[in-house]
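Questions regarding the structure given below will be posed in turn.
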Amino acid sequence: MSQTDGSHRPNQSTVLDTGLPWTGLLGRAGKTPKGSQIRELLAVTARPDVISFAGGLPAPELFPVEEIRQAADEVLRADGAAALQYGPTEGWQPLRELVASRLSRRGIGCSAGQVLITTGSQQALDLLGEVFLAPGMNLLVESPSYVGALQAFSPHRPSFVPFPMDEEGLAVEAVARWLEAERAEGRLSKAAFLYTVATFQNPSGVTMSLDRRLRLLELTRTFSLPVVEDDPYSELSYGSSVPPPLRAFAGGEDVIYLGTFSKVLSPGLRVGYVVAPQPVIDRMVLAKQGRDLHTDGLSQRLVLEFCRRFDPDAHVARLRAAYRVRRDAMLDALRHHMPSGVEWTEPGGGMFLWVTLPEGLETAALLADAVERKVAFVPGAAFHVDGSGANTMRLNFTNSTPEEINQGVVRLADSVRSRLERLA
Ligand SMILES: Cc1ncc(COP(=O)(O)O)c(C=O)c1O
């Protein structure tokens, strides 16, 4: 038979008609991963007529596309073969040095050797899960917490221990009481680590106060509790003064610090980093080897070349100026349009704010109404490990123009009002 009669090409039925019982085969390991609600939502909200406050996306019109193009030309011209070759798991040394020197300007002293380049900070979360977690280990989290972290940690089957948050961030005294009780029961060795997004938290937008940071560092010393500080947003501050990262304080040298170029440059490049004590870096490097060998060498060089040729601080300043207007537009719109009884946080930076509706009004149910009115958000329950937060939602303000933000909040407020009327 010849190639041209099509008999060698798979047709649709040969692709779909597989002989093996895949559902059963996939079930054999007893794993049933839960999809992220955000991902499923993004599919619906990608429709151009929907104003989406659901995703966590930076504004695409602010990406430095032309600068990255020039950086790519230069990288491929000067260093093309190395950029396309395999590279070291720890990361490309010049980028590790750049990260160490940029961090030292923000008070985080570290050597290039203490920097591990990761495939986004999302990979660092996965590596930390691999290194520190086992079934039954206690993992202390903020409530609410970053849903992607919960998703990365869950396969290691830790026992999540949620702690409440207020306008000063994590309730550190509640953590202290829990640690005391665990010590009294002889169970302290079951505490794997505490995970915090201390500055402009995803999802709440809240920042941990200076006093609580100091107290948390004291606790970690007293109880030998590792702290993971995930810090993608602290450079995106809109005027308010922000306490330094936990990692920057005296006594913060043991904090495992996660950073990323996703929010200040481009998430598509997938370049993040970890700063941690050497034994932790060594274990994470071993875990990373088995996962992806190393982070994309071309992306690492693009980041460095961008920072060398252009002024990364000026770029971040542009992002801050634009996002600040959007944050203000959302706060103004909420003040003008939301019915009474609805509350929200006023973030000093980052990409999100957090809305709390009157008790009994479930945001998961509200979402269907909202999408019909062509606006979307993420219902808050996904960010909680204990089933709470049913009346909360996360709103992103960086991926819509101020006009869209106003229009979207009008639609959202209409949905809330009509639900409230139905409840009354
Ligand atoms: C708190 C937090 N950590 C980690 C990430 C993942 O970022 P990256 O793109 O660096 O993997 C995000 C992304 O939204 C985030 O909000």
Side-chain angles (χ1 to χ4, degrees), residues 36-39 41-42 52-60 63 91 95 99 102-103 115-129 139 141-154 165 169-170 193-208 227-237 242 245-247 255-275 284 288 291-292 295-296 299-300 302-303 316 319 323 345 347 349-354 377-378 380 382-385 394-399:
S36 149
Q37 206 171 358
I38 296 183
R39 287 201 170 281
L41 263 173
L42 274 175
S52 178
F53 301 140
L57 306 183
F63 288 142
L95 182 62
V99 168
R102 283 186 67 77
L103 286 177
V115 176
L116 166 64
I117 304 293
T118 54
T119 301
S121 50
Q122 189 66 30
Q123 182 181 52
L125 297 170
D126 175 41
L127 299 177
L128 288 166
L139 172 50
V141 294
E142 294 165 327
S143 189
S145 191
Y146 167 50
V147 69
L150 302 179
Q151 227 192 338
F153 298 144
S154 288
M165 294 183 65
L170 173 68
F193 59 84
L194 180 145
Y195 171 72
T196 175
V197 183
T199 307
F200 312 141
Q201 195 220 27
N202 178 3
S204 67
V206 167
T207 293
M208 192 189 294
V227 168
V228 173
E229 178 179 28
D230 188 1
D231 191 26
Y233 301 109
S234 65
E235 287 181 84
L236 296 179
S237 109
V242 193
L246 289 159
R247 184 69 174 67
V255 170
I256 300 170
Y257 180 86
L258 273 48
T260 179
F261 288 97
S262 285
K263 314 298 177 176
V264 292
L265 183 54
S266 148
L269 292 175
R270 310 303 304 130
V271 180
Y273 48 89
V274 185
V275 175
M284 292 180 82
K288 183 170 164 68
R291 282 170 160 74
D292 67 352
T295 293
D296 181 328
S299 282
Q300 293 187 65
L302 289 181
V303 169
V316 173
L319 297 179
Y323 290 167
T345 57
M351 297 175 43
F352 306 101
L353 61 76
W354 189 247
F377 58 83
V378 186
F383 303 91
H384 295 76
V385 293
R394 188 191 75 176
L395 301 183
N396 166 268
F397 54 78
T398 56
N399 193 233

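When a ligand or atom number is given, it counts from 1 through the structure's own listing order.
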Task: Under-4.0 Å heavy-atom contact with ligand 1, by part of P232 that carries it - done: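 Side chain only.
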
Open item on the list: Suppose we measure from atom 14 (O) of ligand 1 to each protein heavy atom; which comes out shortest, and what is that distance?
Closed with: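 For this ligand atom, the closest protein heavy atom is K263 NZ, 2.9 Å.
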
Task: Verdict with reasoning, F153 to F193, per ring pair (Phe, Tyr, Trp, His ring centres under 6.0 Å) - done: CA-CA 11 Å; F153 298 144; F193 59 84; 5.4 Å; yes

TODO: Check whether any N or O atom of Q123, backbone or side chain, sits under 3.5 Å from an N or O atom of ligand 1, and answer yes or no.
DONE: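 Between Q123 and ligand 1, no N or O pair is found under 3.5 Å apart.
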
- [ ] Select the closest option to atom 2 (C) of ligand 1 among L57, D230, T118, V197, judged by heavy-atom distance.
- [x]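 Looking at heavy atoms only, the winner is D230.
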
Open item on the list: For ligand 1, which is the ligand I care about here, please tell me if S121 has any N or O atom under 3.5 Å from one of the ligand's N or O atoms.
Closed with: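 Yes; at least one N/O pair falls below 3.5 Å.
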
Task: Distance-only side-chain donor-acceptor flag, T295 / T119, under 3.5 Å - done: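 There is such a pair (donor and acceptor under 3.5 Å, judged by atom type) between the side chains of T295 and T119.
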
Open item on the list: Restricting to non-hydrogen atoms, name the atom on Y273 and the atom on T260 that form the minimum distance, rounded to 0.1 Å.
Closed with: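 The answer is CE2-N, 3.6 Å.
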
TODO: Quick one: closest heavy-atom pair of N399 and P58, and the distance?
DONE: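 Distance-wise, the nearest heavy atoms are ND2-O, 3.2 Å.
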
Task: Flag side-chain contact, heavy atom, 4.5 Å: V206 against W354 - done: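 In short, these two side chains do not touch, never coming nearer than 4.5 Å.
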
Open item on the list: Heavy atom to atom 10 (O) of ligand 1, shortest distance: which of T260, V271, T196 holds it?
Closed with: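 It is T260 that holds the nearest heavy atom.
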
Open item on the list: I'd like to know if D296 and R270 make a salt bridge, using a cut-off of under 4.0 Å between side-chain N and carboxylate O.
Closed with: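 Between R270 and D296 there is no salt bridge, as every charged N stays at least 4.0 Å from the carboxylate O atoms.
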
Task: Closest protein heavy atom to atom 9 (O) of ligand 1, given as residue, atom name and distance to 0.1 Å - done: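 Answer for atom 9 (O) of ligand 1: S262 OG, 2.6 Å.
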
- [ ] Mind listing the closest non-hydrogen atom pair of M351 and G56 along with its distance?
- [x]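 Taking every non-hydrogen atom into account, CE-O, 3.0 Å.
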
TODO: Just let me know how Y233 lines up against ligand 1, side chain, backbone, both or neither, with a heavy-atom cut-off below 4.0 Å.
DONE: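 Only the side chain of Y233 comes within reach of ligand 1.
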
Open item on the list: Counting non-hydrogen protein atoms only, what is the nearest one to atom 5 (C) of ligand 1? Give residue, atom name and distance.
Closed with: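 Checking every protein heavy atom, the shortest distance to atom 5 (C) of ligand 1 gives Y146 OH, 3.4 Å.
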
TODO: Answer with side chain, backbone, both or neither: which part of R270 has a heavy atom less than 4.0 angstrom from an atom of ligand 1?
DONE: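 Near ligand 1, R270 shows its side chain, while the N, CA, C and O stay back.
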
